[in-house]
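To keep things clear, I will list the structure first and then write my remarks on it.
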Amino acid sequence: MNILLIKQTSLGDVVHATAVLRSVRLAHPKASITMLTSTTAADVFRCSPDVDRLLTFDRYRIKSDWWRRPLWTLGHFRSTFRAVRDREFEIALDLQGSWKTVIFLWAARANQRCVKGRWWFARRFHQPQLHAIAEMEGVLSLCGIEPRQHCSILPVIDADRQSMREVLDRFNVANQRVALFCPRTRWPTKNWPLANFVELVAKLDEDFFVIFTGSVEDQQPIAEALMALPQTRVTSLAGQLSLSEYFALVSMADLVLTGDSLPMHVASAYNRPVVALFGPTDEARVGPRSDHAVAVRAVTDCQRCYRRITCPRDCISQITSEQVSEAINQVLGCGCPSDMSCASTTPEGGSQ
């Protein structure tokens with residue numbers, strides 16, 4: 001039995017899709033599962049025991065270069081179409097439902113096509129008020145697959161874990177706990193002020209060593225913000241880790257502080273203590289699904305506007321350091337109010 005799953009972006013949403021992927025594997029343990037994702041998200045699935053065949057589509061390069069390299073763009077679409085169509089699928093599932101994904105669902109030779117959204121040519125499920133994972137589970141239900149894994153799953157390979165152990169050894173943190181501070185997201189409206197993250201370093205227990213993470217573009221502002229802090233307590237690895245190395249580092253962390261972005265979803269997948277700061281997005285739809293998570297929101301009449309660049313209320317900045325400190329104490333004390341268990345299940349039924 002051949003099954004096709006399509007999920008390309010964004011990275012946090014792709015991490016969500018690993019829960020649905022596991023449900024498919026549990027329903028059809030002997031199937032050959034093909035996953036089509038973006039090149040930037042390939043590491044999410046590269047080591048997954050649930051994926052037999054990984055296809056990638058370079059959607060971000062197409063977005064930036066299509067007008068400069070039209071022939072390459074057409075060729076890349078054509079080669080991806082061929083890869084999708086080179087076998088017949090009993091089931092094809094589009095877990096994203098954007099035009100850049102449904103063209104491959106439409107092109108697939110499949111007996112059943114199911115999609116998130118309202119596309120006319122496939123069986124469709126569209127309930128955006130649900131949590132992102134729950135909505136993808138609705139797509140599964142269209143083809144008779146029972147959701148059995150409700151939290152994300154991210155395997156860590158030994159080489160990446162060893163690499164991160166060596167990094168931590170460089171900072172002499174053998175007798176300390178590790179806190180990851182992840183101050184930047186792709187949306188400016190989801191960014192809690194960097195100065196607030198820096199302020200919280202001093203409020204953590206002294207046995208914490210704090211590592212700031214981020215992209216290459218975040219290196220300079222983070223480095224400048226940390227200049228006044230002692231190197232014995234804090235460092236920055238922004239722009240220095242591969243995606244799989246970053247996953248390994250999060251899996252080893254004792255605390256993760258982040259906005260609504262990839263680190264939140266990764267920490268949730270590993271059930272690490274995570275404090276997630278919310279502004280324009282809705283924690284009920286995209287929040288962490290784990291037993292050790294606290295979502296923090298300023299006490300305002302926030303409308304969950306989902307604006308990416310500017311927000312007239314600037315809700316995220318209204319979260320106070322005191323609120324975050326309280327949430328950190330709560331999550332470290334395991335007093336997290338959560339009704340969403342994150343017990344991960346392997347295909348054989350054991351613990352991940």
Side-chain angles (χ1 to χ4, degrees), residues 7 9-20 22-23 44 95-96 116 127-139 147 149-154 180-187 189-192 197 247 250-251 253 255-308 311 313 315-320 323-344:
K7 184 65 177 178
T9 60
S10 59
L11 278 175
D13 294 332
V14 172
V15 170
H16 277 155
T18 61
V20 178
R22 176 56 56 87
S23 291
V44 174
L95 304 175
Q96 188 153 345
K116 188 183 84 167
Q127 292 190 26
Q129 75 280 5
L130 298 178
H131 190 278
I133 294 178
E135 190 174 19
M136 286 189 282
E137 290 174 344
V139 179
Q149 174 65 42
H150 303 289
C151 291
S152 306
I153 295 176
L154 291 173
L180 297 187
F181 280 15
C182 316
R184 293 299 193 219
T185 72
R186 292 173 59 233
W187 295 14
T189 53
K190 294 196 291 186
N191 291 339
W192 198 48
F197 281 90
F247 291 167
V250 175
S251 74
L255 171 68
V256 178
L257 175 62
T258 178
D260 172 17
S261 62
L262 174 67
M264 176 186 72
H265 302 297
V266 177
S268 180
Y270 295 126
N271 207 19
R272 307 312 301 154
V274 57
V275 173
L277 312 178
F278 278 84
T281 53
D282 189 348
E283 59 273 31
R285 293 170 56 185
V286 297
R289 282 192 160 198
S290 68
D291 296 324
H292 297 87
V294 171
V296 180
R297 177 178 293 281
V299 183
T300 66
D301 56 347
C302 179
Q303 301 299 309
R304 279 74 165 175
C305 65
Y306 275 82
R307 296 190 182 189
R308 300 188 177 204
C311 172
R313 298 173 184 265
C315 296
I316 192 76
S317 294
Q318 297 182 45
I319 296 175
T320 66
Q323 283 180 278
V324 179
S325 292
E326 182 179 343
I328 289 173
N329 292 333
Q330 184 180 359
V331 76
L332 293 178
C334 298
C336 309
S338 174
D339 58 359
M340 295 181 290
S341 176
C342 196
S344 299

* Structure fact -> Between W187 and P280, the two heavy atoms sitting closest are CE3-CG, 4.4 Å
* To do: Mark yes or no for whether T189, through its side chain, and R308, through its backbone, hold a donor-acceptor pair below 3.5 Å.
  => yes
* What distance separates E137 CD from H131 NE2, expressed to the nearest 0.5 Å? -> 9.5 Å
* To do: Kindly say whether I319 contributes a backbone atom to a donor-acceptor pair with the side chain of W192 at under 3.5 angstrom?
  => yes
* Heavy-atom pair of closest approach, residues P273 and L332 -> CB-CD2, 4.4 Å
* Asked: Taking H265 for the side chain and D13 for the main chain, is one N or O donor matched with an acceptor at less than 3.5 Å?
  -> no
* To do: Without swapping roles, check the side chain of N271 against the backbone of D291 for a donor-acceptor pair under 3.5 Å.
  => yes
* Give a yes or no on whether the backbone of P147 and the side-chain of S23 come within a donor-acceptor separation of less than 3.5 Å. => no
* Asked: R307: what forms a side-chain contact (heavy atoms from CB on, under 4.5 Å) with it, not counting sequence neighbours?
  -> C305, P312
* Would you check if S261 and R186 make a side-chain contact, meaning some heavy-atom pair closer than 4.5 Å? => no
* **R297 side-chain N/O to G279 backbone N/O, donor-acceptor pair under 3.5 Å** => yes
* Test side chain to side chain contact (heavy atoms under 4.5 Å, CB included) on V44 and F247 and set out the steps. => CA-CA 9 Å; V44 174; F247 291 167; 4.0 Å; yes
* To do: Using modelled atom types only, decide if a donor and an acceptor are shared between the side chain of T18 and the backbone of L154 within a distance under 3.5 Å.
  => no
* Flag, side chain of K190 to backbone of D260, donor-acceptor distance under 3.5 Å -> yes
* To do: Taking all heavy atoms of A327 and all of V296, pick out the closest pair and write down the distance.
  => CB-CG2, 3.5 Å
* Over all heavy atoms of both residues, which pair between Q318 and Q323 is shortest? Give the atoms and the distance, please. => O-OE1, 3.9 Å
* Is V324 close to F197 at the side-chain level, that is, under 4.5 Å between some pair of heavy atoms? -> no
* To do: Could you tell me which non-hydrogen atom of R285 sits nearest to which non-hydrogen atom of P128, and how far apart they are?
  => NE-O, 2.9 Å
* Output the distance between atom CG (L180) and atom OG1 (T258), rounded to the nearest 0.5 Å. => 9.5 Å
* To do: Can you measure from CD (Q303) to CZ (R313) and round to the nearest 0.5 angstrom?
  => 5.0 Å
* Is any side-chain heavy atom of V256 less than 4.5 Å from a side-chain heavy atom of C182? -> yes
* **Nearest-0.5 Å distance, SG of residue C151 to CD of residue Q149** => 6.5 Å
* **Shortest non-hydrogen separation from S290 to V274 and the atoms involved** => OG-CG1, 4.4 Å
* **Separation of F278 CZ from M264 CE (nearest 0.5 Å)** => 4.0 Å
* Please answer whether the main-chain N or O of R184 pairs with a side-chain N or O of N191 as donor and acceptor at a distance below 3.5 Å. => no
* Side chain R289, main chain S152, donor-acceptor under 3.5 Å -> no
* Hey, are the side chains of L277 and L257 touching, using non-hydrogen atoms and a 4.5 Å cut-off? -> yes
* To do: Hey, could you give me the CG/CD1 distance between L95 and I133, rounded to the nearest 0.5 Å?
  => 11.0 Å
